[in-house]
Amino acid sequence: MQPHAFWQEVHPPASFPDDGPFETFYPARFADGRQLRLPIRPLPDGRHALASLIINQAGFAVVEALAKDLAERIAPLQPDVVVGLPTLGLTLAAAFARHLGHTRYVPLGTSRKFWYEETLSVPLTSITTPEQAKRLYVDPRMLPLIEGRRVVLVDDVISSGSSIVAGLRLLDTVGVAPIAIGAAMLQSTRWHAALDAADPAWRTLVHGVLETPMLTKGTDGRWQ
C-alpha cells in the first residue's frame with residue numbers, strides 16, 4: 001500500500017487474516033469484526049513495531065466509524081460534555097460529541113492565548129514529538145462548561161499514556177474528575193504503567209475502539 005492509502009476504508013469482517021505474520025500493515029478489528037488496515041511502524045530497536053493511526057489523515061467514513069463506536073460504548077454513562085486532547089484527539093472528540101447528540105465540545109490546547117493562565121496548564125510530552133517541550137492549557141472561558149459536569153476526556157490513541165495523564169492532571173487542577181476516558185485506539189499496553197503510577201483508578205475508566213499489540217520481528221523479517 002502507498003502511505004496515503006492507509007486509514008481510508010473500513011473493511012468487512014475477516015477481510016484479512018489477523019493472526020499474523022504481518023508485513024506492511026496490521027488489520028485492527030472493531031468489536032463487530034470489521035477491520036481497519038494500519039501501517040506498521042518499526043521502533044528504534046528494530047525488533048519491535050506498533051500499528052499506527054493518524055486520525056486527522058483518515059477518511060471521513062473511518063473517523064465516523066470510530067466516533068460512532070466510541071459513542072455507543074460511552075453513551076450509557078450519560079456524559080454532559082466531551083473534552084478533547086490536542087492535536088489529533090480533537091478530530092475524534094468533535095465527531096464523538098456529535099454522535100452523542102452534543103452541540104459542542106471543549107478542546108484543550110497547546111498554543112497559549114494571551115488570556116490563558118499558567119495556573120491552568122500542565123507540562124505535556126508526546127510520543128510522536130518527544131523533543132518538543134509543550135504545555136497543555138484549558139481556556140479559562142470554558143471552565144463553566146466542565147465544572148460540576150459529567151466529563152469524558154478523549155484522545156485519538158493512547159500509547160505511552162503521557163498525554164492522557166497530562167489531560168487528567170489538568171482537569172484535576174480545576175476539580176474535574178472524568179467519568180470516562182475514550183480513544184480510537186489503545187496501542188499495546190505500555191500506557192498501563194503511566195496511568196497506574198498516576199492514579200490506578202484512571203485505567204478502569206478507559207474505553208478504546210481498537211486494540212493493537214506490540215509486534216515482534218520474526219526470523220523471516222515479518223511481524224508477529
Side-chain angles (χ1 to χ4, degrees), residues 28 30-32 36 53-56 58 60 62-110 120-122 124 126-127 136-187 189 191-192 194-212:
F30 285 77
D32 62 6
L36 177 64
L53 172 65
I54 307 296
I55 198 168
N56 67 352
F60 297 145
V62 171
V63 175
E64 288 301 299
L66 293 166
K68 182 175 184 291
D69 185 290
L70 189 62
E72 290 172 350
R73 294 167 186 262
I74 294 180
L77 300 177
Q78 299 181 315
D80 297 320
V81 62
V82 175
V83 174
L85 276 165
T87 299
L88 300 180
L90 302 183
T91 298
L92 178 63
F96 168 60
R98 289 197 303 271
H99 278 282
L100 288 175
H102 296 182
T103 59
R104 68 182 302 172
Y105 79 111
V106 173
L108 302 180
T110 55
L120 298 178
S121 71
V122 296
L124 174 67
S126 169
I127 193 168
L136 182 66
Y137 295 90
V138 58
D139 188 330
R141 302 175 305 173
M142 299 293 104
L143 294 182
L145 298 176
I146 62 176
E147 292 174 328
R149 311 297 297 280
R150 296 176 63 80
V151 170
V152 178
L153 180 64
V154 171
D155 203 357
D156 65 324
V157 175
I158 301 181
S159 183
S160 68
S162 59
S163 295
I164 280 290
V165 168
L168 291 164
R169 286 178 171 156
L170 179 57
L171 292 177
D172 186 60
T173 65
V174 295
V176 173
I179 61 168
I181 300 164
M185 185 170 79
L186 306 179
Q187 190 183 57
T189 58
W191 55 275
H192 289 187
L195 268 70
D196 288 347
D199 186 339
W202 284 346
R203 184 148 59 102
T204 66
L205 305 179
V206 173
H207 301 259
V209 178
L210 309 174
E211 296 187 27
T212 56

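These numbers come from the heavy atoms of this one structure, side chains and all, not from hydrogens, waters or symmetry mates. Note that the structure is predicted; figures quoted are calculated from it, not measured.
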Restricting to non-hydrogen atoms, name the atom on [X] and the atom on [Y] that form the minimum distance, rounded to 0.1 Å.
X      : Y      : result
Tyr105 : Val82  : CB-O, 3.4 Å
Val122 : Ala166 : CG2-O, 3.4 Å
Ala31  : Arg73  : CB-NH2, 3.6 Å
Ala184 : Val209 : O-CB, 3.3 Å
Ser160 : Ala194 : O-CB, 3.4 Å
Val152 : Pro79  : CG2-CB, 3.4 Å

Check the pair Leu195, Val165 against side-chain contact (heavy atoms from CB on, under 4.5 Å), reporting the backbone distance first and the verdict last.
CA-CA 6 Å; Leu195 268 70; Val165 168; 3.8 Å; yes
Decide yes or no on side-chain contact (heavy atoms from CB on, under 4.5 Å) for Phe96 and Ile74, but give the supporting numbers first.
CA-CA 10 Å; Phe96 168 60; Ile74 294 180; 4.0 Å; yes
As an exercise, state the distance from [atom1] of [X] to [atom2] of [Y], rounded to the nearest 0.5 Å.
X      : Y      : atom1 : atom2 : result
His102 : Asp80  : NE2   : CG    : 7.0 Å
Arg203 : Ile158 : CZ    : CD1   : 11.5 Å
Leu143 : Arg149 : CG    : CZ    : 13.0 Å
Leu108 : Met142 : CG    : CE    : 11.0 Å
Leu171 : Ile181 : CG    : CD1   : 9.5 Å
Leu88  : Asp156 : CG    : CG    : 4.5 Å

Verify the neighbour count for atom CD of Glu64: are there more than 12 heavy atoms of other residues, nucleotides or ligands below 6.0 Å?
yes
Without swapping roles, check the side chain of His99 against the backbone of Leu70 for a donor-acceptor pair under 3.5 Å.
no
Judged by atom type as modelled, is there a donor-acceptor pair below 3.5 Å linking the side chain of Arg150 to the main-chain atoms of Leu77?
yes
Taking C-beta and beyond as the side chain, do Leu85 and Leu136 meet within less than 4.5 Å on heavy atoms?
yes
Student check: side-chain heavy atoms of Leu66 and Leu53 closer than 4.5 Å:
yes
Hey, mind stepping through Asp69 and Phe30 against side-chain contact (heavy atoms from CB on, under 4.5 Å) and telling me if it holds?
CA-CA 8 Å; Asp69 185 290; Phe30 285 77; 4.0 Å; yes
Applying the side chain to side chain contact (heavy atoms under 4.5 Å, CB included) test to Leu153, which of Ile179, Val176, Leu168, Leu205 qualifies?
Leu168
